[in-house]
Amino acid sequence: MGEVNVPRRTGSRRTKLTAAGAGALLLGGLAFGPVAFGAAAPPKYPAADIHKPSPMPDRVILTPTTTPSTSQKVTWRAVADAESAQAEILEAPRALGQVAPAAGAVVNVKASASTPVNTTLGYASTYHTVEFTGLKPNTRYTYRVGDGTNWAEWSDFTTAAAGLQPFSFIYYGDAQNYIDSAVPRVFRQAFADRPRAKVIVNAGDLIDSANSEEQWGQWYKAAGFIDSQVNNISIPGNHEYSGGLSTFWRPQFPYPDNGPGNPELKQTAYTVDYQGVRFIGLDSNVQGTPALMAAQTTWLEGLLKDNPNRWTVVTFHHPVYSTTGTRNNPVVRAQWGPLFEKYGVDLVLQGHDHSYGRGNVATARKSVTVNNGVAYVVSVSGGKMYELNNGENWTGNGAEVVSRSENTQLYQLIDVEADRLTFEARYANGEHHDGFVIRKNRAGERTVNEVRTPENTVGEQVTVDRTTVGTRGELKISAYGYDPGERVSVFLKEADDRDRGHGHDRDHLVGVRTADELGRLTYTFRLPSRVKRGDTYVVYLDSANQKITSPVITVTR
């Protein structure tokens with residue numbers, strides 16, 4: 001930057017003193033504000049006052065039912081008795097306020113549960129739940145909650161479609177720390193990027209102290225109105241346990257009671273089928289209790305074996321492959337990992353390690369940019385950070401870490417379509433960190449494709465069934481990473497010219513092929529008659545998105 005030229009005289013002495021005073025005020029506001037005025041710092045506003053409940057509803061949150069296309073649960077907090085807690089709902093009108101709904105349009109529903117929770121701030125917080133039933137699929141509704149006199153504002157949600165339809169959801173790793181300062185911008189940026197998201201997945205450790213009224217209040221404030229219009233799928237982390245499960249958990253998260261059946265796992269292990277995706281939540285906090293792990297493992301296999309949905313997303317807290325320190329979860333990995341691979345789970349979303357890591361089992365690798373395995377992800381949304389461990393827990397257990405990051409807050413955006421699932425991780429400032437696309441065909445086969453870059457769409461990525469072949473022999477090639485239906489020109493090039501584009505008179509065009517619906521290309525061809533014994537060649541594949549080659553092939557006989 002260039003220097004700023006300041007005129008020698010800028011006005012009267014009074015003007016100068018005023019400007020000097022403003023400068024001192026600015027400096028004081030940043031570092032020495034109270035001292036500049038000769039006064040003590042203001043007292044901290046008490047948490048008991050900040051988070052104290054009133055008859056006005058707050059902490060309004062949507063949680064899914066087992067039939068999200070025709071029903072919806074809403075939970076809120078308010079000073080209200082069980083008899084007066086209620087909600088009103090109608091199909092979303094064009095206007096409210098002076099515009100009264102048509103007669104009979106508004107349906108009143110009494111709360112089905114009102115549960116007081118004794119808090120650390122010296123008073124009880126009472127959570128009320130209502131379930132709306134008989135709704136229409138894929139329909140926008142407007143609702144409000146209250147006691148008949150004191151109402152929250154009207155909010156909207158849209159029911160799930162009856163079958164597979166495109167939608168987006170958001171995934172967060174641990175919020176846990178700095179919930180009142182660093183976390184809100186993550187939640188708000190994610191919503192700004194996907195304002196029509198239908199689901200938010202939290203992989204545990206939403207807060208730091210399981211029964212802290214202050215921290216739960218901070219967590220709800222961080223998202224604000226977002227929770228009142230987007231369904232929340234959360235599972236508990238270790239910080240939701242303290243001498244047992246948080247007393248807040250079940251009153252505020254009345255998830256489906258459709259887990260393994262053990263009382264300890266009620267509403268911490270559950271499943272929801274939402275618009276073509278089977279979401280499965282597991283409780284990895286009980287990995288030291290063999291009976292509860294065995295019950296979840298049996299239940300999990302049943303859900304995976306009999307799954308009518310196109311996509312499967314599993315979430316729990318303790319990672320199969322940890323990214324930080326000396327952490328390790330061998331029980332989780334041994335009991336659940338093989339099932340994820342056997343039944344083709346698409347995404348495994350985890351937390352706990354306060355960093356980012358994404359990868360797959362090593363045997364799933366098909367090319368530089370493509371694998372066909374389960375995508376395992378660990379992420380963090382809060383401000384507490386751990387150092388990465390260079391991937392030892394991955395490589396030491398037969399997996400590979402493809403993308404990682406430390407000292408970064410992230411959120412993840414997942415877009416679901418019939419034939420693809422697109423995943424992107426972004427930093428708190430909205431910048432891209434990592435991304436991939438899962439493609440799946442009707443047979444259930446899939447490819448996991450990295451986001452393309454100039455660097456990963458060139459080089460030796462074509463595989464061949466042999467590296468020596470006779471003058472009239474056949475060669476089978478395969479490659480990955482294309483768009484479905486992408487046209488690919490197949491050349492046989494002299495090895496000395498492998499780094500040069502096609503078009504030389506010594507290039508042999510042996511065919512033009514089309515990639516399949518997963519972006520795969522397989523082609524068997526006979527060597528052209530012009531090839532010479534003893535010469536060396538490479539297969540060169542040229543398309544709109546890739547220019548890749550094979551290992552060197554030697555012509556014999």
Side-chain angles (χ1 to χ4, degrees), residues 29-31 33-34 41-54 56-62 75-78 117-127 152-153 170-193 200-230 232 234-242 246-249 251-253 317 351-355 379-386 407-412 426-430:
L30 289 173
K44 183 176 175 62
Y45 191 48
D49 292 338
I50 296 172
H51 302 288
K52 188 175 182 178
S54 77
M56 290 303 300
D58 63 6
R59 304 186 187 182
V60 183
I61 190 167
L62 301 180
T75 294
W76 71 98
R77 186 189 74 150
V117 178
N118 292 323
T119 76
T120 55
L121 297 181
Y123 49 72
S125 277
T126 300
Y127 289 87
E153 70 276 14
I170 299 167
Y171 146 57
Y172 299 123
D174 303 29
Q176 187 179 342
N177 304 95
Y178 306 94
I179 313 171
D180 60 337
S181 58
V183 172
R185 63 192 292 257
V186 178
F187 288 179
R188 294 166 191 176
Q189 184 62 49
F191 182 74
D193 288 346
I200 293 173
V201 174
N202 288 284
D205 281 5
L206 286 64
I207 42 76
D208 189 53
S209 299
N211 296 307
S212 170
E213 165 79 347
E214 179 179 12
Q215 291 178 17
W216 281 114
Q218 291 172 348
W219 184 82
Y220 279 99
K221 285 179 180 291
F225 71 88
I226 299 168
D227 287 335
S228 69
Q229 59 190 56
V230 182
N232 187 283
S234 294
I235 51 85
N238 53 297
H239 284 269
E240 274 77 50
Y241 277 87
S242 179
S246 168
T247 54
F248 286 83
W249 189 266
Q252 66 189 8
F253 298 137
H317 188 60
H352 194 52
D353 285 351
H354 293 250
S355 58
S379 192
V380 57
S381 60
K384 178 183 177 183
M385 306 298 172
Y386 297 159
N407 295 325
T408 48
Q409 291 177 267
L410 302 117
Y411 59 92
Q412 288 69 220
R426 295 181 182 176
Y427 301 124
N429 63 2

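What you see below is based on every heavy atom in this structure, not just the backbone, and it leaves out hydrogens, waters and symmetry mates.
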* Please assess Ile50 against Tyr45 for the test side-chain contact (heavy atoms from CB on, under 4.5 Å), listing each intermediate value before the final yes or no. => CA-CA 7 Å; Ile50 296 172; Tyr45 191 48; 3.0 Å; yes

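- Scanning all heavy atoms of the two residues, the minimum distance from Gly382 to Met385 falls at O-CE, 3.4 Å.
- A heavy-atom distance below 4.5 Å is not found between the side chains of Arg426 and Gln412.
- Legend: residues meeting ring pair (Phe, Tyr, Trp, His ring centres under 6.0 Å) with His352, ordered by chain and number and at least two apart, are His317, His318.
- Here the closest non-hydrogen pair linking Thr120 and Ser212 is OG1-CA, 3.9 Å.
- Counting all heavy atoms, side chain and backbone alike, Gly430 lies closest to Tyr411 at CA-OH, 3.4 Å.
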* Test side-chain contact (heavy atoms from CB on, under 4.5 Å) on Ser125 and Trp216 and set out the steps. => CA-CA 11 Å; Ser125 277; Trp216 281 114; over 6 Å; no

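- Between Lys52 and Glu214 there is no salt bridge, since no side-chain N of the basic residue sits under 4.0 Å from a carboxylate O of the acidic one.
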* To do: Apply side-chain contact (heavy atoms from CB on, under 4.5 Å) to Val183 and Tyr172, showing your working.
  => CA-CA 11 Å; Val183 172; Tyr172 299 123; over 6 Å; no

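- Proximity of Phe187 to Ser381: side-chain heavy atoms (C-beta onward) are separated by under 4.5 Å at one or more points.
- Atom CG of Asn232 sits about 9.0 Å away from atom CG of Leu62, to the nearest 0.5 Å.
- A heavy-atom distance below 4.5 Å is found between the side chains of Pro236 and Tyr241.
- With values rounded to the nearest 0.5 angstrom, His51 atom NE2 is found 10.5 Å from Thr119 atom OG1.
- To the nearest 0.5 Å, atom OH of residue Tyr127 and atom CZ of residue Phe253 are 8.5 Å apart.
- In this structure, Leu206 and Ser234 have side chains that are in contact, with non-hydrogen atoms separated by less than 4.5 Å.
- No side-chain heavy atom of Tyr386 sits under 4.5 Å from any side-chain heavy atom of Asn407.
- One finds the OG1 atom of Thr75 at 12.5 Å from the CZ atom of Arg59 (value rounded to the nearest 0.5 Å).
- Listed for the Ser379 side chain is no donor-acceptor partner under 3.5 Å among the backbone atoms of Gly173.
- Residues Tyr220 and Gln252 bring a donor and an acceptor atom of their side chains to less than 3.5 Å of each other.
- For Phe225, the ring pair (Phe, Tyr, Trp, His ring centres under 6.0 Å) partners at least two apart in sequence or on another chain are Phe191.
- The distance from the OG atom of Ser209 to the CD atom of Gln215 is 4.0 Å, given to the nearest 0.5 Å.
- In this structure, CG on Asn202 lies 10.0 Å from OH on Tyr171, to the nearest 0.5 angstrom.
- Considering only heavy atoms from C-beta on, Glu240 comes within 4.5 Å of Asp205 through its side chain.
- Within a 6.0 Å radius of OH in Tyr427, more than 12 heavy atoms belonging to other residues, nucleotides or ligands are found.
- In terms of the side-chain hydrogen bond (donor to acceptor under 3.5 Å, both in side chains) criterion, residue partners of Gln176 (sequence neighbours excluded) are, by chain and number, Asp208, His239, His354.
- The side-chain hydrogen bond (donor to acceptor under 3.5 Å, both in side chains) search around Tyr123 returns none, not counting sequence neighbours.
- Applying the side-chain hydrogen bond (donor to acceptor under 3.5 Å, both in side chains) criterion to Asp58, with sequence neighbours excluded, gives Arg77.
- Here the side chains of Val380 and Thr408 are not in contact, with every heavy-atom distance at 4.5 Å or above.
- Trp219 and Ala175 get closest at one heavy-atom pair: CD1-CB, 4.4 Å.
- For the 3.5 Å distance criterion, the side chains of Asp353 and Ser355 fail to qualify, holding no donor opposite an acceptor.
- Contact detail for Ser246 and Ala210: the closest heavy-atom pair is OG-O, 2.7 Å.
- Applying the salt bridge (Lys or Arg N to Asp or Glu O under 4.0 Å) test to pairs two or more places apart or on separate chains, none has a residue in residues 174-188.
- Scanning all heavy atoms of the two residues, the minimum distance from Val117 to Pro251 falls at CG2-CG, 3.8 Å.
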